[in-house]
Every structure is written in C-alpha cells, then in structure tokens.
Number of protein chains: 2
Amino acid sequence: MPDTRELTYDPADLWELTLDDLEALEVGAGILGTGGGGNPYQGKLLTREAMKAGHKMTILSTDKIADDALCMSIGGIGAPVVGTERIREGREGLRCLQGMEELTGRKMDAIVCEEIGGANSMNPLVTAALGGLPVLDCDGMGRAFPEMQMTTFSIYGHSSTPSVMCDLHGNRVVFQHAVTEVFHERMARACVVAQGGAAMLATAPMPASFVRQNAIPQSYTKAIRLGRAVLDARRNGDDPVATVCALEGGRHVFTGKITDLKRHLRGGFAVGDLELGGFDGFQGQTASIAIQNEFLIFRREGEVEVTVPDLIIVLDVDTGYPITTEMLRYGQRIAVLAVPCHDLLRSARALDVVGPAAFGYPEIPFAPLAPLGQAA
Amino acid sequence: MPDTRELTYDPADLWELTLDDLEALEVGAGILGTGGGGNPYQGKLLTREAMKAGHKMTILSTDKIADDALCMSIGGIGAPVVGTERIREGREGLRCLQGMEELTGRKMDAIVCEEIGGANSMNPLVTAALGGLPVLDCDGMGRAFPEMQMTTFSIYGHSSTPSVMCDLHGNRVVFQHAVTEVFHERMARACVVAQGGAAMLATAPMPASFVRQNAIPQSYTKAIRLGRAVLDARRNGDDPVATVCALEGGRHVFTGKITDLKRHLRGGFAVGDLELGGFDGFQGQTASIAIQNEFLIFRREGEVEVTVPDLIIVLDVDTGYPITTEMLRYGQRIAVLAVPCHDLLRSARALDVVGPAAFGYPEIPFAPLAPLGQAA
C-alpha cells in the first residue's frame, strides 16, 4: 500500500542504539527475564546482524509520539528451549508487520515490546529496524511472563485480536477474533506447537495514548542501564549481585548449588522445579523454585517467600550472568534475587491474570515484596 | 458487502431436498463415513431444524454451474467423539462463509462438501441454506478421512489456504497461508483442540471448473440413493448388507462380535483398534480393524485384507445401521463390508496422501479391492 502516513513523532527525539547498547541490553533483559522470554544472546545475534546490515534501531519515549499513532506490539511465542536449538529465520516479525498492515489497511507508526525480559526485548528491535519504525521505550510486562494475556495491555482492556502469527517456514495465521484473551493465548499456543515450537506474533494495534497509560514505562532505558551496570561491576571486580539489588530495589535471597532439576516441555511450555542447597551465607538451608518458562515461586525450607509477579532472578554466582530456565544444569552455583514488580502488575485486576493463582497456585496469596531496606 | 453477483446457474436446475431425503442421507452418509466424519444423526438434527425454519436446501449438479463460479468447500473439523457430547451452536459454518467473503472481498456462488461421509455431508447443507446458496453434487473424499489434506482438491493441486475456522464460542481464525497442505492440517488441528475439539473450517474458494474436474462426482445423489435402498431393505425385511454390497460394488468380508476395543483421543483424533470373533459364515475366525477416526485397515487372522483408501464399512448385523467409531461397544455384533474407492483416490499422487503409508503403515502396500464378482 502507498506510504501516505505523516510522521507522528519528531525524528530528533529518536535514540539510536549502538552495538554497545545491545551488549548491555542482552544482560539487562536477561536479568529482567526472570529465567524466560527466550535466550537474549541469540536474540542479540539477530539484532546485531540487522544493525550491521545497515538497519537503524531507534527507541522513542512514549511522551514523544502523537496520541493517535498506531502502535503494534510484537513478541516471540513458544518455549525458550526450542529457541536455543532452532535458529529463527529473522524476518518472521517483518512478515507479521506486513500482515498486520494488509489486514488493517493501515500503516503502523511504532513498534511496542510485549515483554522486555529475554529475547523478546530484541525481537521488536529487529522487526522495527527492518520496517523502518521506532520502538517505544516501554513494554507490556516489565519482566517476562509465559502467556500472552499477561501483558498490561490485555490486563487493562486492550483486545489483542486480530493478531498475526508468522513462523520461519512461511506459515501465516490470523487470529481474527478471540472471545477472550485466554482463548487467544490457547489457540496461538496450540498453533505454535504445530509450527515446531516458535514463531512471532503481532497483536492488534493500539493508539499511543493507550500505550502511554498502560505500559510499563522506560523499559529499554532501564534494561540497558541495568546491563551496563552489571558489565561495569564485572569489569571492576565489584559484586554484580549487589549491583542489581541496588539498582532494582531488590534483595539477595539465596546462594546455593542446584541439587535437583526437573524440567520438561508441556503444551509448548518449559515447566519444572529446581532444588537448591545453600552455601556462603545460606549454608545448611534448602530452597526451591517452581518454573513455567519463568521462575514463579521461591520457597525456603518449603515455605513460600517470593511469588510471581514479583521478579525472581537467578544469576551465576561466579560470573554474575543471568541464567535462563533452559540453561539450568545440575550442580550450577547460583544467586537468587527478588525484585518488586511494577505497581501496574500489583492491582487486583493484574493479580487475577499474573498472580500465583493464575499459574495454578490458588493456595498461595501474593505477598508483595517490600522495596530494599523495608520490612516485607 | 452489496450482493452484486450475477447468478452462475439456472435456478430451475436446483434439486430441493426434502425431510425424507435427509433421512436417507443420514443412512447413506453414515455408511460412506466408514466409521468417521462425525455422527450423521446429530448432523441431520441441525439440518432438519434449519429446514423447518424455512431455509431451503438445494443440490446442484457440477455440470450446471458456470466455470468461473466461486465454490467454497466446508466441513467440521475435530474428533467425532467430541461432536456426540457437545452440540454445535449451528451458525459456525455461516460465520465461516461470511468470514471468507470478507477476506476475499467476493461473494461465493456455491458450497462444496469436503467429505460426504458422516456429519460432514450435513454441515455444508446447513451453511449453504443459511447463506442462500446451493451445494454442489460432489465431494472431496467420496467417503470420510481424518485429515484435511486428504481431499481430492488438495491432492490435485488446490491450495486450501486462506481458510477460515469458526467455533461455537465465537472465535475466528484465518489460516492466511500454509506452506504445505499438511502444515495447514497440523495448525488447524492443534487450534481446534484448543477450542474444545470441534469447529467448522472453510477452505479457499475454487472455480467450478476445478471442482468439476477433481471432485468425487454425484456424492449427494449416490448417498441418498444408498440410504434409501437400505431403509427400503429394512422395511421389506431384505438384507441391508447385501443391498449395500450390490449398490456399491462391495463385498461382505466378515460377521463377528467385538471381543476387544481400544480407543482414545490423541491429538484431536480418535485412534484405536477393534478385535472381532466371527460367527455365522465366519465362525472360528478372528479379525481386527485399525481406527483413526475412520476404519483404516482390516485384517483377518492377522493378515491385511482391506486397506484405506478402499472403504471399510461396519454395520450393525441386526439393524443394518452404520456404526461410527465413537459408537463402537464391546460385545456389539457387526458386519464388515469392503467397497472399492473412487479411481481419483487410487492414483499414485492420491495414494501418497491417503494410502496406508500416509496413516503410519509404510509396510502395508495398497492392494486395490476388485469390484464385486472379480478376483482381488
């Protein structure tokens, strides 16, 4: 279709990312991924290739775009473990963008990140760069979650259909109408399993005014700053765990060795459990973490201590690198951090969708983690 | 959209079905369903309701429509056993038709039956009646098959995407492009499981010239004639088994009691095995039938005797009623008939898609059943 749109933002407001920013984003998004969202290393490789091929990756503040600008959110869908074994073709997201523009008969103005955690921080950058669009500095989760209805967009009233899903083979599916957000998730999830376990999915466009009000703000700014701080700490011999806690208002809840690991694919998800035996300040203690793509529930001596939607972050105790659920191995030495989630995820409306009960733990109430320095 | 189409056929050529025709079709389609295609009794109830509400059901010969008329094939997708427990809402097919007309921006001229066997003989009648269109006197299988790529349309080169799938909840999915027919089947099948196990699916429209050349001809005429003959035989105290064999060029291969039955749902299909102990002329013999929604392989004393795509038909030995796979019960007394399939299903191209190997029996060659009175 002819590109007749007027620019809905001032190009002078665009922040162009560098290769160095991508390195920092890899680390920051990995940490915010709370174990999921896809492996950010592989996401970075695709992003770097696109950047090297001359495609600009630009970030735009949600304050700097017209209210009625059309924003399309996009993310990878599938089990992270598939992403590590099957490399994407690279233009799945662009095909989603083209498909959405054909479907709606309208040009999109900006791309929105579904999920800042993991590879899904990188996927919108590739799509936007290939499509010549900016990515807004925000996201729909402020972390990673395993299911599509778990965005602040869906939680606060956006209907994510019609959506467009494209895989590496060239299949294109349009979820024209779903009666609920959960039905959309179920149908897309079943379909992605049939496609081999990984695809890109773009949801129905939103006006920028809606995004501004309902997205987790400044996600790229924060993730890149976090990643850079950890890289600096590593370089300077400082403690990356303390660095993350200080920046994110979190706390260091455990250090231990993985003594048991159950993990398998079920219905397109990586689900399982992780057992830990403590050392350093946690000698003699045991802990466990329940997994559904992300780290969901942290228990110490069998007692629940941290729950989703607060962030449970696992770092390699020696290198400070974030460890995604598919990279977990028996015997790994890890630090476990807990970080309070954004207030948009703590409303009653949000907890219905992303609280422990939504993940099959109706007996566990959400006890919000207090910020650093305050009692829980 | 405004209905600006010109009529592509002469209304005088339409054959309007009666309630009596539906009764005969139920029996005939049940027999041709070879155990699958959905329970025709429930299909008939929906058809009868629509007819009683004043909707005309008309059949049109494929010779009596313009070459370039747009024909949309439609059928139910899902496991038959779900269809017996969850009644359809009734307008799923109409929503598919409306969805296809929106998608293509063109009005359809006629409806085509994907599968004459089972309830899928009835589904196109309901859709066409509600949409004010005729159903062509043909189908894509001449029987029932468990998967969508197993139509003569797909086999002989029609790409079935873009397709539209609608469920009773109101979900609508468009398979915009599938790289292969099998991918289309896999994605739609996965999706229908997420929708609860049953939906209607309309495939990309075909010109009437293509349908005329590649469809199994006169399916409704034949199914209604077959059903009427069986009903007459029953009424007159004649042998329904002999009646079917005589009309369809088949043979009576076994009479026995079901001595064992394994059947379960796997990936949206009813799969299993049936063991038989013979009586009457088959006293002392054993036989078995392998099932995947339909009856696939008939073995006598462990030796393969009849295979898909030839028709393996199971009738109640006392009443002559066809028995679908989900109605099978331990202890039932059944007659097994074998009927040669249409030549369009016997080409090398067709056997790649509907021969024993396509169902997971690469070691079983297709040995075409000879017509009645000839040696095998």
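Quick note on labels: first sequence line is chain A, next is B, and so on, each numbered from 1.
Here the side chains of A:V174 and B:V173 are not in contact, with every heavy-atom distance at 4.5 Å or above.
Across A:G99, A:G170, A:A188, the residue that shares the most heavy-atom pairs under 4.5 angstrom with chain B is A:G170.
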Scan the chain A/chain B interface and emit each donor-acceptor pair under 3.5 angstrom with its distance.
unit_1: A:N171; atom_1: OD1; unit_2: B:V179; atom_2: N; d: 2.7
unit_1: A:R172; atom_1: N; unit_2: B:H177; atom_2: O; d: 2.8
unit_1: A:R172; atom_1: O; unit_2: B:Q176; atom_2: N; d: 2.9
unit_1: A:R172; atom_1: O; unit_2: B:H177; atom_2: N; d: 3.0
unit_1: A:V174; atom_1: N; unit_2: B:V174; atom_2: O; d: 2.6
unit_1: A:V174; atom_1: O; unit_2: B:V174; atom_2: N; d: 2.6
unit_1: A:Q176; atom_1: N; unit_2: B:R172; atom_2: O; d: 2.8
unit_1: A:H177; atom_1: N; unit_2: B:R172; atom_2: O; d: 3.0
unit_1: A:H177; atom_1: O; unit_2: B:R172; atom_2: N; d: 2.8
unit_1: A:V179; atom_1: N; unit_2: B:N171; atom_2: OD1; d: 2.7

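With sequence neighbours excluded, the residues forming a side chain to side chain contact (heavy atoms under 4.5 Å, CB included) with A:A215 are A:C138, A:F153, A:V211, listed by chain and number.
Taking each heavy atom of B:A194 and A:A190 in turn, the nearest pair found is CB-CB, 3.9 Å.
Proximity to chain A involves both the backbone and the side chain of B:F175, based on heavy atoms less than 4.5 angstrom apart.
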